[in-house]
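To find a chain, count down the sequence lines: A is the first, B the second, and so on, and within it residues start at 1.
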There are 2 protein chains.
Amino acid sequence: MSVEVTGDPAPTGYERSCEAAGDVDHGRAIRDVLDRVGDKWSLLVVATLRDERLRFSELQRHIPGISQRMLTLTVRQLERDGLITRTVYAEVPPRVEYELTDLGGTLITLAMALADWAIENHPHIEESRAAYDAAHQR
Amino acid sequence: MSVEVTGDPAPTGYERSCEAAGDVDHGRAIRDVLDRVGDKWSLLVVATLRDERLRFSELQRHIPGISQRMLTLTVRQLERDGLITRTVYAEVPPRVEYELTDLGGTLITLAMALADWAIENHPHIEESRAAYDAAHQR
DNA sequence: CGGCATCCGGGCAGATACTG
DNA sequence: CAGTATCTGCCCGGATGCCG
């Protein structure tokens with residue numbers, strides 16, 4: 001039952017690594033989602049849209065550090081993945097609003113769990129880092 | 001109550017964005033954890049160490065796509081964060097074993113929840129992507 | 001065996017300028 | 001207002017070679 005290397009473009013073996021991570025062949029799903037979740041801005045955008053639909057500029061104002069380009073790319077990705085919807089109003093000046101889909105809503109739960117873990121364990125991590133740095137500094 | 005920009009190296013505003021994401025000032029914690037979780041290999045290494053302690057080469061064999069360099073950097077990070085332990089045995093040839101800490105164990109739960117979400121919703125995402133691509137192709 | 005140092009190539013992300 | 005286009009710099013990550 002050796003792992004067959006298919007003719008995929010440029011796997012770098014990462015997909016196969018996901019599969020070997022413990023579960024079955026859901027590696028691609030995990031990798032896909034991880035790539036999105038791991039994205040610097042995606043979760044932030046989703047979180048920002050949690051309880052209000054916002055237009056582009058509002059979104060950008062709610063997420064101080066993001067550039068216009070990155071916001072554009074991020075919302076495109078999220079829209080493509082069905083996590084948010086993009087609604088264009090034929091007005092002048094043009095208005096575009098973004099809203100979380102149901103699927104995006106379910107992701108919030110995960111994000112919150114992650115955030116909770118982060119908040120709860122961050123002191124521990126910081127402490128560990130300090131200890132490590134103290135031990136390894138020269 | 002303007003946000004104080006401390007003398008940090010290169011914030012790029014990302015930290016402040018996390019803070020604005022909805023919660024309080026736990027932004028740094030969330031960002032830290034997100035950076036680690038979003039890391040391509042970290043979760044994979046943690047998952048691989050879930051129920052067995054492994055030495056370096058074993059770890060590398062369990063994660064096909066990872067390079068020696070990346071594995072080294074990843075385990076260093078994880079060790080620094082207190083998620084895994086690194087034990088060196090003074091033998092010839094040298095032996096180094098990595099094991100999950102309790103903190104790392106709690107992260108597994110999160111990772112599994114994330115994996116479950118990924119597996120459950122991936123078809124939906126793929127479907128959405130296909131529809132999006134079909135609608136936007138030229 | 002388990003690293004670390006070095007080099008280097010590709011892709012990501014910021015800044016800027018232009019458009020519907 | 002809400003993008004797109006282009007250019008550029010920089011960091012990530014692979015490959016290689018050497019050490020304890």
Side-chain angles (χ1 to χ4, degrees), chain A residues 9-17 31 34-36 38-42 44-45 48-49 53-80 84-99 132 136-138, chain B residues 9-17 31 34-45 48-49 53-80 84-99 136 138:
Chain A
T12 63
Y14 183 56
E15 295 84 348
R16 294 171 56 206
S17 300
R31 179 179 55 83
L34 218 60
D35 280 357
R36 196 69 57 244
D39 186 62
K40 234 180 165 179
W41 306 109
S42 292
L44 233 39
V45 169
T48 305
L49 289 175
R53 73 189 266 143
L54 295 171
R55 51 198 300 181
F56 190 86
S57 54
E58 291 172 332
L59 210 41
Q60 191 171 17
R61 222 168 301 123
H62 276 73
I63 309 177
I66 198 169
S67 67
Q68 192 183 40
R69 170 193 165 85
M70 279 301 100
L71 182 54
T72 301
L73 292 179
T74 302
V75 292
R76 285 289 178 278
Q77 288 275 336
L78 293 175
E79 184 197 3
R80 193 173 99 99
I84 67 176
T85 59
R86 177 175 179 271
T87 310
V88 183
Y89 296 89
E91 307 172 355
V92 279
R95 182 163 56 104
V96 178
E97 289 190 346
Y98 295 92
E99 188 177 18
Y132 182 93
H136 291 78
Q137 85 188 353
R138 116 227 37 185
Chain B
T12 64
Y14 183 54
E15 295 83 349
R16 293 171 56 206
S17 300
R31 179 180 53 86
L34 217 61
D35 280 357
R36 196 71 56 243
V37 169
D39 187 61
K40 233 181 165 179
W41 305 109
S42 292
L43 271 191
L44 232 39
V45 169
T48 305
L49 289 174
R53 73 189 266 142
L54 295 171
R55 52 198 297 183
F56 190 85
S57 54
E58 291 172 333
L59 209 42
Q60 191 169 17
R61 221 168 302 121
H62 276 73
I63 308 176
I66 198 170
S67 68
Q68 189 186 43
R69 172 191 165 86
M70 278 303 100
L71 182 54
T72 301
L73 293 179
T74 303
V75 293
R76 284 289 177 280
Q77 289 274 338
L78 293 175
E79 184 198 3
R80 194 172 100 99
I84 66 176
T85 58
R86 177 175 178 270
T87 311
V88 183
Y89 296 89
E91 307 171 355
V92 280
R95 183 162 55 103
V96 178
E97 289 192 346
Y98 295 92
E99 189 177 18
H136 290 79
R138 118 227 39 189

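- For the residue pair Arg53(B) and Glu58(B), the shortest heavy atom distance occurs at O-OE1, 4.5 Å.
- Looking only at side-chain heavy atoms (C-beta outward), Tyr132(A) and Arg76(B) come within less than 4.5 Å of each other.
- The side chain of Arg55(B) lies closest to dC1(C), out of dA2(D), dC1(C), dC1(D).
- Rounding to whole angstrom units, CG of residue Asp35(A) and C1' of dC12(C) are separated by 13 Å.
- In the set dC1(D), dG2(C), dA2(D), dG2(C) carries the atom at the smallest distance from any side-chain atom of Phe56(B).
- When rounded to the nearest whole Å, the span between CE of Met70(B) and P of dG2(C) equals 18 Å.
- Counting to the nearest Å, the C1' atom of dG3(C) and the CD1 atom of Ile66(B) are 14 Å from each other.
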Where protein sits on nucleotides 15-20 of chain D, one letter per nucleotide: B base, S sugar-phosphate only, - none, heavy atoms under 4.0 Å
-----B
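- Across every non-hydrogen atom of Tyr98(B) and Leu49(B), the tightest pair is O-CD2, 3.5 Å.
- Look at Thr72(B) and you won't find any side-chain N or O under 4.0 angstrom from OP1 or OP2 of dG3(C).
- In this entry the distance linking CD of Glu79(B) with C1' of dG2(C) reads 13 Å, nearest Å.
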Chi angles and distances behind the side chain to side chain contact (heavy atoms under 4.5 Å, CB included) call for Asp39(B), Gln77(B):
CA-CA 10 Å; Asp39(B) 187 61; Gln77(B) 289 274 338; over 6 Å; no
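- Using a 4.0 Å heavy-atom criterion, one finds that Tyr89(A) contacts no nucleic acid atom at all.
- Going from atom CG of Leu73(A) over to atom C1' of dA13(C) covers 9 Å, rounded to whole Å.
- If you check dG2(C), dC1(D), dG3(D) against the side chain of Tyr98(A), the one that comes closest is dG3(D).
- Following rounding to the nearest Å, Lys40(A) (NZ) and dA13(C) (C1') show an atom-to-atom distance of 8 Å.
- Atom pair Leu59(B):CG and dC1(C):P shows a separation of 15 Å (rounding to whole Å applied).
- Using a 4.5 Å heavy-atom cutoff, the side chains of Pro94(B) and Val88(B) are not in contact.
- If you measure from atom CZ of Arg86(A) to atom P of dC1(D), you get 16 Å, rounded to the nearest angstrom.
- Residues meeting the ring-ring contact (aromatic ring centres under 6.0 Å, His included) test with Tyr89(A), sequence neighbours left out: none.
- Remark: Gln60(A) pairs with Phe56(A), Ile66(A), Gln68(A), Leu71(A) by the side chain to side chain contact (heavy atoms under 4.5 Å, CB included) rule, at least two apart or across chains.
- Close to dG3(C), at under 4.0 Å from its OP1 or OP2, lies a side-chain N or O of Arg76(B).
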